[in-house]
There are 2 protein chains.
Amino acid sequence: MVAVTDDRPRILTVGSETPALVSGDLDDDDTLELAMRRLITDQVGLSVGYVEQLYTFGDRARARADGLRTVGVAYLVLTREVTTTGRWVDWYHLLPWEDRRGNAGSPVPGLMSGLERWAGRDRERRRRVQLSFGIGETPWDGVRALDRYELIYEAGLAAEWFVDHGEEPDDRDRFGEAMHLDHRRVAATALSRLRGKLSYRPVVFELLPETFTLSHLRRTVESLAGQKLHAQNFRRLVERGGLVEGTGRMVTTGGRPAELFRFRRDVLMERPQVGVGRL
Amino acid sequence: MVAVTDDRPRILTVGSETPALVSGDLDDDDTLELAMRRLITDQVGLSVGYVEQLYTFGDRARARADGLRTVGVAYLVLTREVTTTGRWVDWYHLLPWEDRRGNAGSPVPGLMSGLERWAGRDRERRRRVQLSFGIGETPWDGVRALDRYELIYEAGLAAEWFVDHGEEPDDRDRFGEAMHLDHRRVAATALSRLRGKLSYRPVVFELLPETFTLSHLRRTVESLAGQKLHAQNFRRLVERGGLVEGTGRMVTTGGRPAELFRFRRDVLMERPQVGVGRL
DNA sequence: GTAATAGTGTCTTTCAGACAGTATGAC
DNA sequence: GTCATACTGTCTGAAAGACACTATTAC
C-alpha cells in the first residue's frame, strides 16, 4: 500500500517489531483480489481503490514457523494517505539509495564501496553493479530498483541476508531499514513496477486529491521517480498531453497563487499510452 | 511458450482434445520457476531460456475435478520453435482479432456486431468496447489484448463462457479456438505482456536465431505486434539504436541479398530502455 | 523593494513518419 | 530486360530538453 505525503512516498506497515506488509491467508474468498481487500479491511481498517497484482513469491525458503510452505501473491495498492491503525513508513528509509532528488551523486555513503568490495575482480558481478547502479556510460534507470535491492541482498549488505541464511551478521555496514521475511523485496518490486507504470499510465492521480496544483503533481511524480524533473517542461507535457484540465480555482502557495487542476479521465479514450512521459 | 515461425507467432499446447498449456502441480521444487522448468522438461521434453512470471490466477471458479481449489502461476517462455511432443498452434487462431497485418479494418467478420449487440445502450459497456477495440477517436492499442478477450468472454462470444457457467451454448457466433479452462485468458495475458515489452526490452531476440536479416527481425516483430511496420524506418531505428550489428555475411532472399545481423548485447549497458520503439 | 512560486515564449536538437530513390540478386 | 527484395537520402512535423522571461502573491 503506497501513498505520497509531503513529497515522500510511504508504504503502510503493521507489526510492532520489524515492519511488515499487510498479509494473511487466502480463505474461501472468490478471488485473490477480494481476499486481499478483506485482509486490508481487517488489519488496517481501510477500503481501497486502485489495486494491481504485483508478483508471486514462492521460493521454498519462505517456509513458515509451522513448517508449511507458502506461496505469496503480492498486490500493489495506491491510495491517498489516511490515518489508520497501520504505520506509514518512508519508502526511502527502506531503500535509501533510490532517492536521488538531492545531490545527484551517491547519497548513501559506503554503499558503492561495499558493492565494489563484493564484486572484486568478478566480471559478471562488476557488470551487474554497473548496469543496476548506472556506473560509467550506463545511465541510472529508476525502474531497476529491484535489481539494485537484489544485488545489495546478495552482497550481504541487507540485514535480511543473515536472517535468511541463519548466520551471525559480520561487522559490515547494512543499508536501509530491514523488513519482515522477504517484504523488503516486495517493496522493491513495487517500486520498480510503479516507476515503470508512471510513464505510460496515469497512475499518479490515484495518489492525489481530486484537485491539485501542477507543482503538487510534479513533486509527487518526482518523489516516486526519485529524481527531479524539469518544472517548465513537465507543466507543458501534462497540459498539452491533455492529461489535466484547469478548474479556474486558485490556491495560495507562498508565491504566486497556483491554479487547481483535475485529471481528465477522457484522455484514456484519446491516446493509448498516457502517462507523465519518460523519466 | 511462444515461438515465431514463418512470420506467425505460435504457442505450445498439449492434450488431444481442446488445446491446453503445459501445466502441473508445484512439488518440492526450490522455486516456482524451477517447478515450471521441470514441468516443461517432463511434458514436452524441452529446456528453455528466457522465462518471465506472467500472472497468478486464483478465482474460485478454477476448482478442479477433485473439488480442490487451485491457484495457478503462469509464466511466459520465449524460445525458438523446435520439434517437440507438444503441438504448436497459431496464436491468432486462438485470438484472430489480434492480427491486423492484413486489411487494417475488422478482419473478423461478425465480431464487432456481436459486441455491439451485447453493449446495447449501456454507456459503460459501449465505452469499454470503444476503448479496447479502438473505435472512433480512440486508436487501436495492441497491448489491450487481454481487455479485448475479457470483453469477448463477458459478451458470451467465447466458447469458454458457456463451459464456465454450465449453460447450453445459444446460436450466436463464437470467435477464435477455445482452450482448456482459463488457458485462453492466459494466452491473451501473455500477448498483452509481450507486446508491451517489445518496445522497451530486446525480447524479440529470444525468438530469433543467432543471426538474422533485418527483414526477418521486422517480420518477427510485426507478427507479434499484429500490425505492419514501416520497413525503412524500422531499419534505421534498430541500426541507429545500436540494437544490432552487421556480421558482413550475406544470405540470398529472392531479391537483393541481405546482410546477416546479430543482437548487440552491449546495448544494455548504454541505454536503459532498449526495444524496437513505439508500435 | 526582495523572495518565492506560478506560468509563458521560444530556440535547438532529436526523432518518428513518409516518400523517393538506388542496389543487387533471380529469372 | 522485369520482378523482388535490400538498402540509402532527405524532407517534414512533433516532441524533448534547455533557457530566458513575465506574473502574482507574501513580507
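Please read all numbers here as calculations on a predicted model, not as lab measurements. These numbers come from the heavy atoms of this one structure, side chains and all, not from hydrogens, waters or symmetry mates.
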Could you tell me how far apart [X] ([atom1]) and [N] ([atom2]) are, to the nearest whole angstrom?
{"X": "A:Phe234", "N": "C:dA6", "atom1": "CZ", "atom2": "P", "answer": "12 Å"}
{"X": "B:His230", "N": "C:dA18", "atom1": "NE2", "atom2": "C1'", "answer": "6 Å"}
{"X": "A:Lys228", "N": "D:dA18", "atom1": "NZ", "atom2": "P", "answer": "15 Å"}
{"X": "A:Leu229", "N": "D:dA16", "atom1": "CG", "atom2": "P", "answer": "13 Å"}
{"X": "A:Arg218", "N": "C:dT5", "atom1": "CZ", "atom2": "C1'", "answer": "10 Å"}
{"X": "A:His216", "N": "C:dA6", "atom1": "NE2", "atom2": "P", "answer": "11 Å"}
{"X": "A:Asp7", "N": "C:dT5", "atom1": "CG", "atom2": "C1'", "answer": "14 Å"}
{"X": "A:Glu259", "N": "D:dT24", "atom1": "CD", "atom2": "C1'", "answer": "14 Å"}

Under-3.5 Å N/O pairs linking protein and nucleotides 8-12 of chain D:
from: D:dT10; atom 1: O4; to: B:Arg236; atom 2: NH1; distance (Å): 2.8

Evaluate side chain to side chain contact (heavy atoms under 4.5 Å, CB included) for A:Trp140 paired with A:Gln227, printing each intermediate quantity in order.
CA-CA 10 Å; A:Trp140 174 268; A:Gln227 58 189 46; 3.9 Å; yes
Under 4.0 angstrom between A:Ser215 side-chain N/O and C:dA6 OP1 or OP2:
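Yes, within the criterion.
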Does atom CD (B:Glu210) have a neighbourhood of more than 12 heavy atoms from anything else shown, all under 6.0 Å?
no
Just compare D:dA6, D:dT25, C:dC19 and give me whichever is closest to any side-chain atom of B:Ala258.
D:dA6
Residues 239-248 of chain B side chain polar contacts: donor-acceptor under 3.5 Å, at least two apart:
from: B:Glu245; atom 1: OE2; to: B:Arg262; atom 2: NH1; distance (Å): 3.3
from: B:Thr247; atom 1: OG1; to: B:Arg249; atom 2: N; distance (Å): 3.2
from: B:Thr247; atom 1: OG1; to: B:Leu260; atom 2: O; distance (Å): 2.7

Parallel, tilted or perpendicular, as decided by the 30° and 60° cut-offs, for the rings of B:Phe205 and B:Phe212:
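Tilted.
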Contact nearer the 5' end of DNA chain D, comparing A:Arg240 with B:Arg219
B:Arg219
Check every strand shown and say whether B:Thr252 touches a base, only sugar-phosphate, or nothing at a heavy-atom separation below 4.0 Å.
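Since no nucleic acid heavy atom lies under 4.0 Å of B:Thr252, the category is nothing.
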Might you point out which heavy atoms bring A:Leu198 and A:Ala225 nearest each other, and give the distance in Å?
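Result for this residue pair: CD1-N, 4.4 Å.
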Exercise: identify the closest heavy-atom pair between B:Tyr55 and B:Thr189:
CB-CG2, 4.2 Å
Side chain to side chain contact (heavy atoms under 4.5 Å, CB included) against A:Glu137, all qualifying residues, sequence neighbours excluded
none
